[in-house]
Amino acid sequence: MIRARDLQVRYPGQPAPAVQGVDLQLDPGELVAVVGPNGSGKSTLLHALVGSRPLSGGSVRLCDRPIETWSPRELARTVAVVLQREETLFPLRVGETVGLGRYPHLGPLAAAGERDHAVVEAAMRQADVLDLASRRTDTLSGGEWQRVRIARALAQEPRLLLLDEPTAALDVRHEMEVLELVRRLADQGLAALLVTHHLNLAARYADRMVLLNRGQLAGVGRPATVLTPPRLQQVFEWPVAVTAWGAVPQVVPLRPGEPS
Amino acid sequence: MRAGRWWWLGGFVLGAIGLGLAIGAVPLPARGLWRGLTDPGAPEAVIVRALRLPRVLLGFLVGGSLAVCGAVLQAVVRNPLADPYLLGLSAGGALGAVAAIAAGVQATWAVPLAAFLGALATLALVYRVSLIDGRRLDSHILLLAGVVVSAFAMALVGAALSLSSAARLQNAFLWMLGGLWTASWTSVAVLAMYGLPPLALLMVQARALDLMALGEDNARHLGVDPERVKRVALLATGLLTAVAVASCGLIGFVGLIVPHAVRRLFGTSHLTLLPASFLLGGGLLVLADALARRVATPLELPVGVVTALLGVPLFALLLRRSLA
């Protein structure tokens, strides 16, 4: 679906590249989690994958075509991105907001057709926001708002979904609901990339994990191969122990002096 | 419910136009107004057709254009305080007009032309200053560039005014307060022909503007090319504002308040926001102009004074209600 080779992104005025030498492949039906410390290049990697940060080296190919050759409109019909931040200066209603996901499929003045309405409704049902349709987006709770934005992404009918910390600031139930939804979508054939700080949930939901450190790959593979104490201690600069929940590794950060 | 609101808006526009035609130095009753409109030989026909109708139409087009420009710029720079004069086009237009008045140019077309050129020069300057790497426009830099270019032009206006004679000073001052007294069928025709393409262009961008309001990164991921939308929006609103400034001076508050009022009444989607803003802005300016002609007859208040006197309390009220 998407394949990045030897990716390098350098911000002007910064001594070290934000991302360097990263190889990444994502196939349909697969959920990949990107983890790493603050400033390790997770968000930059996500932006570089969809061509919204210029590459200073390497290449990204989406559906076997260089990412630079995709127009914004074409790209939005194939890839949906849910970023961390979004402005709600002039709030729309939830139904209208999800309807914006049809933008790349519509002509400039063409009214949304029957199929568009059906897609929007299905997306709202999948993300469980159908009941909120007539609410204004500035009256939603954090969890509802996040699900509305995922519904809008689904209305784009993407084959690849990228999420940048979609569950930051959500409580347990809402966090689990969002992750369950993303897992379900991946099982239905979507390729999904999830940037997150939650190592333990990433380990439970992701097929593969990508661990970044200072812009470089510190580990790629199944959660059990990536989440090992020496590696995590080196990357996060904090002592950890790794236990197991069933077959899934779970990371426990240690207090100073605590035996592992 | 929304359909009902469109009927109210239509009723308001028709009422404003009716008042605009009936009110003036010679008040016309409904029957006289009708005669003047339908019968070219009637005694009222000259007043209605040659004087008031072009003035009402000019006011409608200018008010509507300013309101649309305000709505578009608020979305593009994502700032609720944005208005059509944001980019310093008012100051540039004022500089052109005041320079022409101070120089004592007599031809009737000279002042509007000078104002138009002044506004366009400002647009070009602000656009050039805000362009990063020759291709990217940054909304924050745009705002700042508008402020500094505007300050510079207003300093020159101050210099030109302080060196002018008293009579020219008053002329320049009245021009800056804004008014529709120069209206003629020619100015209506010019404005209608000239204003239509930029308005159509902005309407085509309506959906993209909804997305721009979410932030540029989010808009890009939903299929918008933010740089293209910003360029089109700036040029189209700039051209519209320049011609509005040239034809009737500086008319404040229409472009700032009308979009906010429409968002409260019709919602924030630009597919309805833009046409509804055009109608409400047009109707409001026609109404303000009718009041401007009525309150101090036989003298005439500058319409810019009336829009501010009407607009400020309305805006304060809206602000209070949105905080409540």
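First the proteins, then the strands, lettered A, B, ... as listed; each starts at 1. Note: hydrogens, waters and symmetry copies are ignored here, and every other heavy atom, side chains too, is used.
- Counting heavy atoms of neighbouring residues, nucleotides and ligands inside a 6.0 Å radius, atom CD of A:Gln188 exceeds 12 of them.
- Between atom CG of residue B:Leu214 and atom OG1 of residue A:Thr97 there is a gap of 7.5 Å, rounded to the nearest 0.5 Å.
- Interface residue A:Val79: only backbone heavy atoms are found under 4.5 Å from chain B.
- With sequence neighbours left out, the salt bridge (Lys or Arg N to Asp or Glu O under 4.0 Å) criterion links A:Asp131 to no other residue.
- For residues 222-234 of chain B, heavy-atom neighbours of chain A at less than 4.5 Å comprise B:Leu222, B:Gly223, B:Val224, B:Asp225, sorted by residue number.
- A heavy-atom distance below 4.5 Å is not found between the side chains of B:His270 and A:Phe90.
- Interface remark: of the candidates A:Ser71, A:Ala80, A:Pro91, A:Pro91 forms the most heavy-atom pairs closer than 4.5 Å to chain B.
- Taking both residues in full, the closest heavy atoms of A:Ala76 and B:His221 are given as CB-O, 3.5 Å, listed atom of the first, atom of the second, then distance.
- Using a 4.5 Å cut-off between heavy atoms, B:Ala208 touches chain A through backbone and side chain atoms alike.
- In this structure A:Arg61 satisfies the salt bridge (Lys or Arg N to Asp or Glu O under 4.0 Å) test together with A:Asp64, sequence neighbours excluded.
- Residue B:Arg263 touches chain A through its side chain alone, counting heavy-atom pairs closer than 4.5 Å.
- Residue A:Arg136 holds its CZ atom at 7.5 Å from OG1 of B:Thr268, rounded to the nearest 0.5 Å.
- Within a 6.0 Å radius of NE2 in B:His140, other residues, nucleotides and ligands contribute 12 heavy atoms or fewer.
- Within residues 144-163 of chain A, the residues having any heavy atom under 4.5 Å from a heavy atom of chain B are, by residue number, A:Arg149, A:Arg152, A:Gln156.
- With a threshold of 4.5 angstrom between heavy atoms, A:His47 approaches chain B through side-chain atoms but not through N, CA, C or O.
- Of the two parts of A:Leu100, the backbone and the side chain both hold a non-hydrogen atom closer than 4.5 Å to a non-hydrogen atom of chain B.
- Rounding to the nearest 0.5 angstrom, the gap separating the CG atom in B:Asn218 from the CD atom in A:Gln84 is 11.0 Å.
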